Trainee: 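What follows is a structure written as structure tokens; I'll ask about it next.
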Amino acid sequence: MTADPRAALDRFIAALEAHYNAVAARRGEDDPAVDDAYYVLADAYEVYDEALAQVHGEATPFYLAEDDDDDDDNDDDDNDDDDDRDESDEDDDERDDEESDEEFDEVDLHDGASR
């Protein structure tokens, strides 16, 4: 099934507006309406990004960060592999870091002021 990027964009824009409205009308620190709007926004973004890539071969300059729980699990796995790394892996990492500095800055949609 071919995705419709225009429809996905419209949904994404509507989700941005709904998220803003939920934040502006927040009723306390743990307002479930803000949390719900946050997750709808994240989902709408992913659908838009995937549709854009599928139809036009393009991507947005944003990414969604993993949940903190997932990061903790990945940190444990990464530490196990650190002993197995050699110098060539570290050189590759340094080149990757330099290349990414030349690209657009990525925006983390999960670490915004909405949480």
Side-chain angles (χ1 to χ4, degrees):
M1 178 166 93
T2 301
D4 179 3
R6 181 69 227 185
L9 175 61
D10 292 342
R11 179 176 173 231
F12 180 45
I13 291 169
L16 283 165
E17 291 175 351
H19 181 262
Y20 172 77
N21 290 333
V23 169
R26 180 187 299 263
R27 294 184 202 148
E29 190 67 28
D30 295 323
D31 189 341
V34 174
D35 291 340
D36 291 344
Y38 173 88
Y39 291 113
V40 169
L41 176 58
D43 183 57
Y45 164 72
E46 287 180 340
V47 170
Y48 172 65
D49 194 51
E50 290 171 14
L52 197 62
Q54 182 180 15
V55 173
H56 298 291
E58 287 294 329
T60 61
F62 313 116
Y63 73 97
L64 296 177
E66 299 296 321
D67 289 337
D68 290 340
D69 294 339
D70 292 342
D71 288 343
D72 292 342
D73 293 341
N74 290 338
D75 288 345
D76 293 340
D77 293 341
D78 290 344
N79 289 339
D80 294 339
D81 294 337
D82 284 347
D83 296 334
D84 298 333
R85 292 178 54 122
D86 62 19
E87 289 181 25
S88 65
D89 289 340
E90 292 174 11
D91 292 341
D92 289 342
D93 289 346
E94 288 177 18
R95 280 192 294 276
D96 290 344
D97 289 343
E98 290 171 5
E99 289 172 7
S100 67
D101 288 342
E102 296 172 4
E103 297 175 5
F104 291 106
D105 290 334
E106 294 179 341
V107 176
D108 185 346
L109 296 178
H110 279 214
D111 287 337
S114 64
R115 263 200 143 168

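The shown structure was predicted, so the numbers you read here are calculated from the model rather than taken from an experiment.
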Trainee: Given the rule that I, L, V, M, F, W and Y join up when any side-chain heavy atoms are under 4.5 Å apart, are L9 and V40 in one cluster?
Mentor: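 Shared cluster, no.
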Trainee: Rounded to the nearest 0.5 Å, how far apart are CG of D49 and CD of E58?
Mentor: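 With rounding to 0.5 Å, CG (D49) is 10.5 Å from CD (E58).
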Trainee: Please report the shortest heavy-atom distance between A44 and F12, naming the atom on each side.
Mentor: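 Reported closest heavy-atom pair: CB-CA, 3.8 Å.
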Trainee: State the NE2-OH distance between H19 and Y39, to the nearest 0.5 angstrom.
Mentor: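 If I round to the nearest 0.5 Å, the distance is 10.5 Å.
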Trainee: For A22 and V34, work out which heavy atoms get closest and say how close.
Mentor: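 Looking at all heavy atoms of both residues, the shortest contact is O-CG2, 3.3 Å.
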Trainee: Could you list the residues that satisfy side-chain hydrogen bond (donor to acceptor under 3.5 Å, both in side chains) with D10, not counting sequence neighbours?
Mentor: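 With sequence neighbours excluded, D10 shows a side-chain hydrogen bond (donor to acceptor under 3.5 Å, both in side chains) to R6, given in chain and number order.
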Trainee: Please check: side-chain N/O of Y45 versus main-chain N/O of L64, any donor-acceptor pairing under 3.5 Å?
Mentor: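 Absent.
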Trainee: Return the CG to CZ distance between N21 and R26, rounded to the nearest 0.5 Å.
Mentor: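 If I round to the nearest 0.5 Å, the distance is 13.0 Å.
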Trainee: Assess the residue pair D4 and R11 against the criterion (salt bridge (charged side-chain N to carboxylate O under 4.0 Å, His left out)); give the C-alpha distance rounded to whole Å, side-chain angles, the decisive distance to 0.1 Å, and a yes or no.
Mentor: CA-CA 11 Å; D4 179 3; R11 179 176 173 231; over 6 Å; no
Trainee: Identify whether F62 and I13 are in the same connected component of the hydrophobic contact network (ILVMFWY, side-chain heavy atoms under 4.5 Å).
Mentor: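 Both belong to a single hydrophobic cluster.
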Trainee: Rounded to the nearest 0.5 Å, what separation is found between the OG1 atom of T60 and the CD atom of E50?
Mentor: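 So the gap between those two atoms works out to 10.5 Å.
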Trainee: Which heavy atom in Y48 sits nearest to a heavy atom in A8, and how many Å separate them?
Mentor: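 Smallest heavy-atom distance, with atoms named: CA-CB, 3.6 Å.
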